[in-house]
Structure formats: C-alpha cells, structure tokens
Chemist: 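Input: one structure, supplied below.
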Amino acid sequence: MYKYDFIIVGAGLFGATFANLATKAGKRCLVLEKRPHIAGNIYTEDVEGINVHKYGAHIFHTSNKEVWDYVNTFADFNNYVNSPVAVFHDELYNLPFNMNTFSKLWGVKTPAEAKAKIEEQKKAAGITEPKNLEEQAISLVGTDIYKKLIKEYTEKQWGRPCTELPSFIIKRLPLRFTFNNNYFNDRYQGIPIGGYTKMVEKMLEGSEVLLNTDFFEFRNTHEALFDENTVVIYTGPVDGYYGYTFGKLEYRTLRFESEILDCDNFQGNAVVNYTSHDEKFTRIIEHKHFEFGTQEKTVVTREYPSEWKEGDEPYYPVNNERNNTLYAQYKELADKEENVYFGGRLGVYKYYDMDKVIAEAFALADRLLK
Ligand code: FAD
Ligand code: UDP
C-alpha cells in the first residue's frame, strides 16, 4: 500500500462527500468502512426490484442550492414528496400537523378555527415559556395533538418522558395552517432514482475503499501508513474514538424487521407512523412508494427503537443536558488533535440531516484542501 493524504473513517455520506472533494483536488484517499458495504445509513439494497432503505427511510430534502446541485451530479432525483400518515388506535391523520389534521380531529374548516382551538388548549395547559418537549409541543399544537400524535410516539422513539427531552426534536416538524401534507418546508426534495448506494458509489470513484475494516484494528496493523502528514477524517462515534474515557454518550438504536409481502400495495403510502404505545414499533415503511414502484410484490419494514449498547448501531444521538456536557469534554480533546478531524452525525454528536452532513463536509474540505 502506498501513502495517502487522507484516511477517511466511514463510507457514509460525510466520508463519501469529503473523499469526493479531496480526490477532485488531486489528493489520495483511503476510505475504511467496518460494515460490508458503502453508504453508511443511507445504504439501499435491491430486494424484488425494490430499493430497500436498509437503515430507515431516507428522504433527501434541502434548501441549500449548492448541496442540491452537488447531489444531482451523482444521481437523478425523482419528485417524491414525503407525506406520512399517523395511525392512533383506529384513527388516521395526515402529517405534518396541518389543516387536514386539524379538520379530521376537530371538524374545523378554517385556519382561524384551528388556531382558536390550539390557543384554547394552550391556555388551559397554562404554559407561557416552554421548558421541554412536552411544553413545547402543547404550546405549538395543543393537548389533543400532543396526546394522540406526539407523546407516545416520542416516548417510544426516545425511551424517555417528553418532559425530559429537548424541545428542538419537535421543532423539526412543520406546523401549517394550510391543507398541505408535505412533511418538509425545504425548496428541494426527492429520492435518487436507483437508490442511494449507487449515488455514493459514484461519489467514491477515485478513492480506495476497504470494507469490513475497523479503523482501530487497521491503525494497529498498518502503523507505517500513519505519520505526521497523514490526515484522518473520522466519522464514527466520537466517544468510541477516545475509548469512552469520560463515559459513554447515549444513542438510540433501531431494530428493523423487514418482510416481503405477496401483494402489490400494503399500506398505500411510503411512511405510516404508529403513534400509540399499543404497537412497539414507531413506523412501517413500504419502500416501493419512494420510487412509485409498480412491482407485483412489496417490502415493508417495521422500526423498533431501543437504547443503544456497545455492539449496536448508534443511530440517534440523545442530545440532552447530560450528553451535551459529556460531548463537550470529548470535543475539547477532539479540538486539540492536529491531524484528526471529526465529522458527520456521530463524529460531532448531532442530529444532522443528509444535507447538513454534506454542507459540513464542504466546510471541512474548504478548510483542508485550500
Ligand atoms: P453514517 O451514515 O452513520 O456513516 C458513518 C460510517 O462510519 C458508518 O458506515 C459506520 O459503519 C462507519 N464507521 C463507524 N466507526 C467506524 C470504525 N471504527 N471503522 C470503520 N468504519 C466506521 N436524513 C435526511 O436528510 N432525511 C431523512 O429522511 C433521514 N432519515 C433518517 C432515518 C433514520 C432512521 C436515521 C438513523 C437517520 C436519518 N437521516 C435522515 C440522517 C442521515 O442518516 C444522516 O444525516 C447521514 O446518514 C449521516 O451520514 P454520516 O456519514 O455522518 O454517518
Ligand atoms: N414525532 C412525533 N410524532 C410523529 C412523528 C414525529 O411526535 O408522528 C416527533 C418525534 O419526537 C420525533 C421527531 O418528531 O423524534 C422528529 O420526527 P422525524 O420524523 O423528523 O424524525 P426521524 O425521521 O429523524 O426519525
């Protein structure tokens, strides 16, 4: 093996974006990936001719034109618009919270009626300055929606009471007083036709990629590759990098249960959320609908959230006070590193969407490739 300018840990979106920009700038990149495939959590796999999102539904959405133009150089995006529905016992509602939701719930017809209803419930709850997710949710949408569509779903997803969760988690969801079921407010949205894996494959062209390779083991056995000129871009969990010295950051993990069904349309929508405690899963994904599939069969996946333990895939950082304080300690160490840069959802312990991850990789490339 010859020397590399960059050793990139993780073939997910952050690693692939950085590798792509670095190779374009004439740098030699080695990408190490411990999983048996590229693309990290946006990996898609062909099952029965359907691109299955193996690590959960991924909808690309952004208002950043530079990021949108960039991803479009690697894939054609379709015009999929995410419009999940939520099932609570035997009731079904449109998401995100909009006039369709309010109308079904309260029988209201106008935005003024819906606003009055929310205001009345907010007043009854007596919340002036929301201090946690529960108070934030009630002051945004009132107690009915909180109880039916937020409370139990959020507690399943995060494994903690809503009173102990930060309100930013819920601020991601749009609240609209129009009859518009688009889950996102972003200017651009879609799914790469043919799947995300193909897109990432193109991004990694020109880089050397080693799959089934854990960085820490590799570093022990390939010391000669690492000298003072080798720059490491690390996109794994930051606490793992430091051997959990200060303690473990908390993550939520997911178990995905998939099945192939002998019918062409199981639920009529790509994403159906189950917002009550009755079901242990949070949502059912029917993958074919992301690409308007017409296959005879269908593939569905149920998502079961649980607390992360070593050996599980860490999917969601739990950004509460305890973890943010702990992360700050790791960050202090990370900032002192001379040749190691941390990026991506796990490297900086942030709840980043794909477009933010790409924008962060752009920023790092700007710093390091000039
Ligand atoms: P990852 O994809 O996690 O890549 C990191 C890679 O590093 C992994 O492949 C891992 O195996 C590898 N790695 C870690 N440690 C080591 C090691 N020691 N040695 C070698 N390799 C290592 N974003 C959206 O914009 N829209 C969505 O709809 C959306 N839905 C989501 C749904 C779910 C269930 C989840 C969990 C996330 C979702 N996201 C969504 C966020 C999106 O997945 C992330 O923004 C993106 O995948 C992050 O890319 P990354 O490169 O930072 O991390
Ligand atoms: N959420 C909810 N009810 C829903 C969907 C989402 O209460 O039907 C809350 C929940 O707390 C979740 C957050 O909104 O963690 C963000 O939801 P999103 O669908 O954006 O999360 P992700 O796709 O990242 O899991």
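Ligands are counted one by one from 1 in listed order, and the atoms in each one are counted from 1 as well. Since we're looking at a predicted model, the values are computed, not measured. Position 1 is the first residue of the sequence, and the numbers go up from there.
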Chemist: Examine the proximity of ligand 1 to A57 and report which part, side chain or backbone, both or neither, has a heavy atom under 4.0 Å away.
Modeler: backbone
Chemist: Using non-hydrogen atoms of the residue, decide whether K151 is closer than 4.0 angstrom to ligand 2.
Modeler: no
Chemist: Less than 4.0 Å is my threshold; does some heavy atom of T213 fall inside it relative to ligand 1?
Modeler: yes
Chemist: Tell me which protein heavy atom sits closest to atom 10 (C) of ligand 1, plus the residue, atom name and distance to 0.1 Å.
Modeler: E33 OE2, 3.5 Å
Chemist: Starting from atom 14 (C) of ligand 1, which protein heavy atom do you reach first, and at what distance in Å?
Modeler: G236 CA, 3.6 Å
Chemist: Answer with side chain, backbone, both or neither: which part of L32 has a heavy atom less than 4.0 angstrom from an atom of ligand 1?
Modeler: backbone
Chemist: Among all protein heavy atoms, pick the one closest to atom 25 (O) of ligand 2 and tell me residue, atom and distance.
Modeler: Y316 OH, 2.7 Å
Chemist: Counting heavy atoms only, which of I8, D353, V348, T235 comes nearest to atom 5 (C) of ligand 1?
Modeler: T235
Chemist: Identify, by atom number and element, the atoms of ligand 1 in contact range of F215, meaning under 4.0 Å from any of its heavy atoms.
Modeler: 17 (C), 18 (N), 19 (N), 20 (C)
Chemist: Tell me which protein heavy atom sits closest to atom 38 (C) of ligand 1, plus the residue, atom name and distance to 0.1 Å.
Modeler: H58 NE2, 3.1 Å
Chemist: L254 heavy atoms, cut-off 4.0 Å: which ligand 1 atoms fall inside?
Modeler: 34 (C)
Chemist: For atom 35 (C) of ligand 1, what's the nearest protein heavy-atom neighbour? Residue, atom name and distance, please.
Modeler: R345 NH1, 3.8 Å
Chemist: Consider every N or O of I170 and every N or O of ligand 2, then say whether any pair is closer than 3.5 Å.
Modeler: no
